Structures are given as C-alpha cells and as structure tokens.
Asker: 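I'd like to ask you about the structure that follows.
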Amino acid sequence: MGTVGQILWLPISIKKGNLTNNSEMKLPSHTGTHVDAPGHVFDHYFDAGFDVDTLDLEVLNGPALVIDVPRDKNITAEVMESLEIPKGVRRVLFRTLNTDRGLMYKNFFDTSYVGFMEDGAKWLVENTDIKLIGIDYLSVAAFDDLIPSHLVLLKSREIILVEGLKLDDVPAGLYNVHCLPLRLPGAEGSPIRCILMK
C-alpha cells in the first residue's frame, strides 16, 4: 500500500481567471484517521447497508480512556488482561509503539506496526464493555492477524473501530472524545475528524 499521493487538486482557481478557488478531492475511504463500518470485512453487512452512515454517534462521542500498551508486543489476550481496564469503560484509545516510532507520519504503509492479535480481540469482546476502539496506526489489527481480528471486533456490529489516531503528547488518562465521520451512505469506511478534550 504505498503512499497515497496527491489527494487535492485546484481545477478552478482565481489564478486561472475564475472568480473563486474550488478544490477537488480524491482519496480512499480508509485514508488517514478513519472509521471502519461492519461492511468493511463482512459482505452480508455491506449488502444489508450497515455503512458509516449507520454508525452510532453516541458511541463515537463521549468519555474515553487513553491508555499506554506495553511497547514490546502486539495486543494479545495476555496484554489485554494486564491493562486492567475497568468494567463500564466504553471507549478506549490504545497508544502503542506505533506512536513512539512516528508511524502515522511516514509516507508508506509499515507492516511492522503494533495491533490486535485475534486472541486479544476475543478477550476484549468477551471481558470488557468497550464499544469504541481507537488505535495509533492505520489498522487496529496486527498485520499477521489482519482479517481474523477485524472479523472478531466487527462481527456483533456493536464495536466501532477508529484507526490512524495521532496520540503524540497526549498523557494517558480520561478525556472526552469527539469523532465525526462523513455521512457517506454505502461506504464501508470514512475519513474521520477525531478530537480529544479534557
């Protein structure tokens, strides 16, 4: 998946003699900070219309916990258990080695990023109340478990994945998160503006 390349053009511009500047964009729906809808990995959900426009804004906005993940491994069941996330916590943003390595600032897809292994995803689903998972790279799932982890997390349609967060200089702790995807009926993903407020 190399660099995205140019995504913004200025076909109408004052310099060309037009009255206004009007840009055009073209980009994949999973570019930069983005959200995954269930239809991303489940074709029957895609056909049923479970797109980004159906995602629950109550889940995408509200109190969220930013936590630091041990830096030497992917997010396994053992790691999830060690984090001791309290019951009742519904939104967690996982800061990993990806942030330390500045992966979100690289112009290529680095498959050595940290993410969820399938057993870590299962542990989260079975033992926590988390409905919003945020992570600091372009996939919540480790490259070696790319599809299996997504399948586990999106199967119930209750969990929303926000990928590609930039969590530099954000101390661990409790925040209010506000994530707003574009309203794109029929799309299985969308760029999303996500902000944290104390």
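What you see is a predicted model, and the numbers here were worked out from it, not measured in a lab.
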Asker: Using modelled atom types only, decide if a donor and an acceptor are shared between the side chain of Glu163 and the backbone of Val140 within a distance under 3.5 Å.
Answerer: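 Yes: the side chain of Glu163 pairs with the backbone of Val140.
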Asker: Tell me whether Arg71 at atom CZ has more than 12 heavy atoms from other residues, nucleotides or ligands lying less than 6.0 Å away.
Answerer: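 Buried by this count: over 12 neighbours within 6.0 Å.
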Asker: In the single-linkage hydrophobic clustering (I, L, V, M, F, W, Y; side-chain heavy atoms under 4.5 Å), do Phe116 and Ile147 co-cluster?
Answerer: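 In one cluster: yes.
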Asker: Should Val125 and Leu153 count as side-chain neighbours, where that means a heavy-atom distance under 4.5 Å?
Answerer: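 Contact flag for Val125/Leu153 side chains = yes.
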Asker: Okay, side chain of Asp119, backbone of Thr76: is any donor-acceptor separation there less than 3.5 Å?
Answerer: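 Looks like no, no N/O pair under 3.5 Å.
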Asker: With a 6.0 Å cut-off (strictly less than), is the heavy-atom count around CD1 of Ile195, excluding the residue itself, greater than 12?
Answerer: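 More than 12 within 6.0 Å, yes.
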Asker: With a 4.0 Å cut-off, would you call Arg101 and Asp110 a salt bridge?
Answerer: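 Judged by the 4.0 Å cut-off on N to carboxylate O distance, Arg101 and Asp110 do form a salt bridge.
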Asker: Would you say that Leu60 contacts Leu132 through its side chain, given a criterion of any heavy-atom pair below 4.5 Å between the two side chains?
Answerer: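 Yes, their side chains come closer than 4.5 Å.
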Asker: Please determine whether residues Val162 and Tyr113 belong to a single hydrophobic cluster, defined as Ile, Leu, Val, Met, Phe, Trp and Tyr linked transitively by side-chain heavy-atom distances below 4.5 Å.
Answerer: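 Each belongs to a different hydrophobic cluster.
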Asker: Which residues satisfy the ring-ring contact (aromatic ring centres under 6.0 Å, His included) test with Phe42, sequence neighbours excluded?
Answerer: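 Listed in chain order: His44, Tyr45.
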Asker: Kindly say whether Leu27 contributes a backbone atom to a donor-acceptor pair with the side chain of Thr31 at under 3.5 angstrom?
Answerer: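 Between the backbone of Leu27 and the side chain of Thr31 there is no qualifying donor-acceptor contact (under 3.5 Å).
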Asker: Ignoring hydrogens and geometry, is there a side-chain-to-backbone donor-acceptor pair from Asn18 to Asn21 under 3.5 Å?
Answerer: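 No, Asn18 side chain to Asn21 backbone: no donor-acceptor pair under 3.5 Å.
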Asker: To the nearest 0.5 Å, tell me how far Asn74 CG sits from Glu118 CD.
Answerer: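 Rounded to the nearest 0.5 Å, the CG-CD separation comes out at 13.0 Å.
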Asker: Identify, with sequence neighbours excluded, every residue that meets salt bridge (Lys or Arg N to Asp or Glu O under 4.0 Å) alongside Glu188.
Answerer: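 Glu188 satisfies salt bridge (Lys or Arg N to Asp or Glu O under 4.0 Å) with no other residue.
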Asker: Would Ile130 and Ile85 count as a side chain to side chain contact (heavy atoms under 4.5 Å, CB included) here? Give the steps.
Answerer: CA-CA 9 Å; Ile130 297 171; Ile85 297 166; 4.0 Å; yes
Asker: Could you check whether any side-chain N or O of Ser149 sits under 3.5 Å from a backbone N or O of Ala121, counting only pairs where one atom can act as donor and the other as acceptor?
Answerer: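 Flag not set: sc Ser149 to bb Ala121 has no pair under 3.5 Å.
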Asker: Flag the pair Thr20 / Ser13 as yes when at least one side-chain heavy-atom distance between them is below 4.5 Å, and no otherwise.
Answerer: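 Heavy-atom side-chain distance check fails, nothing below 4.5 Å.
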Asker: Side chains of Met117 and Lys73: closer than 4.5 Å at any heavy-atom pair?
Answerer: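 Sidechains of Lys73 and Met117: no contact.
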Asker: Check whether any side-chain heavy atom of Ile133 sits under 4.5 Å from a side-chain heavy atom of Leu124, and report yes or no.
Answerer: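 Ile133 reaches Leu124 side chain to side chain.
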Asker: For Glu81, which residues count as a side chain to side chain contact (heavy atoms under 4.5 Å, CB included) partner, sequence neighbours excluded?
Answerer: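 Glu81: side chain to side chain contact (heavy atoms under 4.5 Å, CB included) contacts with Trp123.
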Asker: Do Val52 and Leu57 share a hydrophobic cluster, counting only Ile, Leu, Val, Met, Phe, Trp and Tyr and linking them when any side-chain heavy atoms are less than 4.5 Å apart?
Answerer: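 Yes, Val52 connects to Leu57 through the hydrophobic network.
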Asker: Return the OG to CG distance between Ser29 and Asp51, rounded to the nearest 0.5 Å.
Answerer: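 Interatomic distance, Ser29 OG to Asp51 CG, rounded to 0.5 Å: 11.0 Å.
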Asker: Do Ile135 and Leu165 share a hydrophobic cluster, counting only Ile, Leu, Val, Met, Phe, Trp and Tyr and linking them when any side-chain heavy atoms are less than 4.5 Å apart?
Answerer: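 No; tracing contacts between hydrophobic side chains, which count when under 4.5 Å, never links both residues.
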Asker: Measure the spacing between CG of Asp56 and CZ of Arg157 and express it to the nearest 0.5 Å.
Answerer: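 Answer for the CG-CZ pair, Asp56 versus Arg157, is 11.0 Å.
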Asker: Counting neighbours of NZ on Lys198 that are heavy atoms of other residues, nucleotides or ligands and sit closer than 6.0 Å, is the number greater than 12?
Answerer: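 More than 12 heavy atoms, drawn from other residues, nucleotides or ligands, come within 6.0 Å of this atom.
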Asker: Side chains of residues 87-96: which donor-acceptor pairs under 3.5 Å do they make with residues two or more places apart or in other chains?
Answerer:
unit_1: Lys87; atom_1: NZ; unit_2: Asn127; atom_2: O; d: 3.3
unit_1: Arg91; atom_1: NE; unit_2: Val59; atom_2: O; d: 2.9
unit_1: Arg91; atom_1: NH1; unit_2: Pro63; atom_2: O; d: 3.0
unit_1: Arg91; atom_1: NH2; unit_2: Glu58; atom_2: O; d: 2.8
unit_1: Arg91; atom_1: NH2; unit_2: Asn61; atom_2: O; d: 3.3
unit_1: Arg95; atom_1: NE; unit_2: Asp68; atom_2: OD1; d: 2.7
unit_1: Arg95; atom_1: NH1; unit_2: Leu167; atom_2: O; d: 3.1
unit_1: Arg95; atom_1: NH1; unit_2: Val170; atom_2: O; d: 2.1
unit_1: Arg95; atom_1: NH2; unit_2: Asp68; atom_2: OD1; d: 3.3
unit_1: Arg95; atom_1: NH2; unit_2: Asp68; atom_2: OD2; d: 3.0
unit_1: Arg95; atom_1: NH2; unit_2: Val170; atom_2: O; d: 2.9
unit_1: Thr96; atom_1: OG1; unit_2: Asn98; atom_2: N; d: 3.0
unit_1: Thr96; atom_1: OG1; unit_2: Asn98; atom_2: ND2; d: 2.9
unit_1: Thr96; atom_1: OG1; unit_2: Asp136; atom_2: OD1; d: 2.8
unit_1: Thr96; atom_1: OG1; unit_2: Asp136; atom_2: OD2; d: 3.2

Asker: Count I, L, V, M, F, W, Y as connected when their side-chain heavy atoms are under 4.5 Å apart, and connections chain through other members. Are Leu65 and Ile159 then in the same cluster?
Answerer: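 Per the 4.5 Å side-chain linkage, Leu65 and Ile159 are co-clustered.
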Asker: Hey, mind stepping through His30 and Leu138 against side chain to side chain contact (heavy atoms under 4.5 Å, CB included) and telling me if it holds?
Answerer: CA-CA 8 Å; His30 297 262; Leu138 297 169; over 6 Å; no
Asker: With sequence neighbours left out, write down each residue that passes side chain to side chain contact (heavy atoms under 4.5 Å, CB included) with Leu8, or none if nothing qualifies.
Answerer: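 With sequence neighbours excluded, Leu8 shows a side chain to side chain contact (heavy atoms under 4.5 Å, CB included) to Ser23, Met25, given in chain and number order.
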Asker: Any side-chain heavy atom of His150 sitting closer than 4.5 Å to one from Ser139?
Answerer: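 With C-beta onward as the side chain, the pair touches.
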Asker: If we only count heavy atoms from C-beta on, is the Leu10 to Asn22 side-chain gap below 4.5 Å?
Answerer: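 They are not in contact (no side-chain heavy atoms under 4.5 Å apart), so the answer is no.
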Asker: Quick check: Tyr137 with Phe109 (ring centres under 6.0 Å apart)?
Answerer: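 Between Phe109 and Tyr137, the centre distance is under 6.0 Å.
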Asker: Working to the nearest 0.5 Å, report the span between CG of Leu83 and CD of Glu78.
Answerer: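 Interatomic distance, Leu83 CG to Glu78 CD, rounded to 0.5 Å: 10.5 Å.
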Asker: Just wondering, are more than 12 heavy atoms of other shown residues or ligands nearer than 6.0 Å to NZ in Lys131?
Answerer: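 For Lys131, atom NZ is crowded (more than 12 foreign heavy atoms under 6.0 Å).
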Asker: Check residues 173-184 and write down every donor-acceptor pair under 3.5 Å in which the side-chain atom is one partner and the other belongs to a residue at least two apart or another chain.
Answerer:
unit_1: Tyr175; atom_1: OH; unit_2: Pro171; atom_2: O; d: 2.5
unit_1: Arg183; atom_1: NE; unit_2: Asp53; atom_2: OD1; d: 3.0

